[in-house]
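The structure appears below as structure tokens.
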2 protein chains.
Amino acid sequence: MPHAFDRHDHGTCIASALRAAEETCDGRGLSLTPLRRRTLEILLESHAALGAYDVLARLEAEGFGSKPPVAYRALGFLVDNGFAHRIEGLSAFVACARPGAPHAPSFLVCRSCRRVAEEAIEAPLAPEAEAEGFAIERTVVEAQGLCPACRPHAKGAA
Amino acid sequence: MPHAFDRHDHGTCIASALRAAEETCDGRGLSLTPLRRRTLEILLESHAALGAYDVLARLEAEGFGSKPPVAYRALGFLVDNGFAHRIEGLSAFVACARPGAPHAPSFLVCRSCRRVAEEAIEAPLAPEAEAEGFAIERTVVEAQGLCPACRPHAKGAA
DNA sequence: ATGCCTCTTGTTATACTATAACGACGCCGG
DNA sequence: CCGGCGTCGTTATAGTATAACAAGAGGCAT
Ligand SMILES: [Zn+2]
Ligand SMILES: [Zn+2]
Ligand SMILES: [Zn+2]
Ligand SMILES: [Zn+2]
């Protein structure tokens, strides 16, 4: 499933993610407005993370508003509802690879091409939190490095 | 060891962290200048994460430079050499709880008081990365939530 | 139909985070 | 002496994010 770095039928990725978003919105009484839907489509175009201002530029070019809150609100909606994730290490956003199912996402993030593979792993700090009396609300797990495509020709880790 | 949320002798934390930094710098030919040392001391005052501009304000009040690069460079030095860590989820910095020993840190981060407990765990995405041919260079693991002290009286998770 | 409420999108303005680029100074080896 | 290097300081700018307010659309009770 985490095939962001593999050759795959990406049209299927896009179609199933959009369908999952539609169904989830239906089920929860949320509205997937043109702005929100288009924002998701833009993220879905590739498995690369996009900055909010990259998304904003695309939206503006298509006739939507041109000011930061337009993009941040649409992205916030997608993130809040699990259709997209924020990659903390890049201050950027990526479409969810498993929309619909609730999940604690983790990511392999290529520092060269910014593509992101979403993985499903166990919450890794649960036992420690338990022992300390710490109530975990959200866990960020991001491995940064080089993807198979970038590995050969990217410059050193520094 | 991860006692940021427990009552403990914090003077010992500070003293041993400073000593470890001195020894590491000695051993590697690095210079722990007054600016860098003071920056580390400021971070060590509590186990809470501080923003770069919080640190900068403290430094300025003590006669150091007042412009962002002053703080960012000192913090960069501390992070590069393992004396402090950056908390991605807060865009903030915290003193390392295990200076001297190389380690892949992970954190319990309280969203209310910003205190941080540093834990030692295994790199959680290694098998997935192996399977994909992805070369991990750095892994961010941060659990955000409420610490034992803040749990009773903090507002809801939203 | 009118008024009211909520949600969405748009705006202006501002705050917060971070780095590039250049200058001055001290130190040390040649 | 002097040249290179490392550190600290500056100015200026880039990049990320949110607060606060205005306007329109649609639902729904009166
Ligand atoms: Zn795909
Ligand atoms: Zn790549
Ligand atoms: Zn302590
Ligand atoms: Zn707390």
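To find a chain, count down the sequence lines: A is the first, B the second, and so on, and within it residues start at 1.
Taking only side-chain nitrogens and oxygens, A:T33 comes nearer than 4.0 Å to OP1 or OP2 of C:dT9. Within the structure, a side-chain polar atom (N or O) of A:R36 is placed less than 4.0 Å from OP1 or OP2 of C:dT9. The phosphate of D:dG9 has neither OP1 nor OP2 within less than 4.0 Å of any side-chain N or O from B:S66. For C:dT8, one of the phosphate oxygens OP1 or OP2 lies less than 4.0 angstrom from a side-chain nitrogen or oxygen of A:S31.
Residue-to-nucleotide contacts include no donor-acceptor pair under 3.5 Å from the side chain of B:R73 to the base of D:dG6.
Along DNA chain C, the nucleotide nearest A:F77 and the nucleotide nearest A:P68 are compared for position; the residue whose nucleotide lies closer to the 5' end is A:F77.
For B:E130, the CD atom is loosely surrounded, since the number of other residues' heavy atoms within 6.0 Å does not exceed 12.
Taking the charged nitrogens against the carboxylate oxygens, B:R138 and B:E88 do have a contact shorter than 4.0 Å, which makes a salt bridge.
In this structure, A:F64 reaches the sugar-phosphate backbone alone: every heavy-atom distance under 4.0 Å involves primed, P, OP1 or OP2 atoms, never a base.
Taking atom CG of residue B:L59 and atom P of nucleotide D:dT10, one finds them 12 Å apart after rounding to whole Å. B:L75 has its CG atom 15 Å from the C1' atom of C:dC16, to the nearest Å. B:Y53 places its OH atom 14 Å from the C1' atom of C:dT14, with the value rounded to the nearest Å. Atom-to-atom, CZ of B:R114 to P of C:dC16 comes out at 12 Å; the value is rounded to the nearest Å. Computed from coordinates, the B:R28 CZ to D:dG6 P distance equals 16 Å when rounded to whole Å. Between the OH atom of B:Y72 and the P atom of D:dT10 there is a distance of 16 Å, given to the nearest Å. The distance from atom CG of A:L30 to atom P of D:dG26 is 19 Å, rounded to the nearest whole Å. Taking atom NZ of A:K67 as the reference point, atom C1' of C:dT14 lies 14 Å away to the nearest angstrom.
Among B:R114, B:R115, B:H8, the single residue meeting the side chain to side chain donor-acceptor pair (under 3.5 Å) criterion with B:H47 is B:H8.
Ranking D:dG9, C:dT11, C:dT19 by closeness to the A:V70 side chain, first place goes to C:dT11.
Note on ring orientation: taking the six-membered ring where Trp is involved, the planes of B:F77 and B:F83 are tilted (angle from 30° to 60°).
Side-chain atoms of A:H10 and A:E45 include no donor-acceptor pair closer than 3.5 Å.
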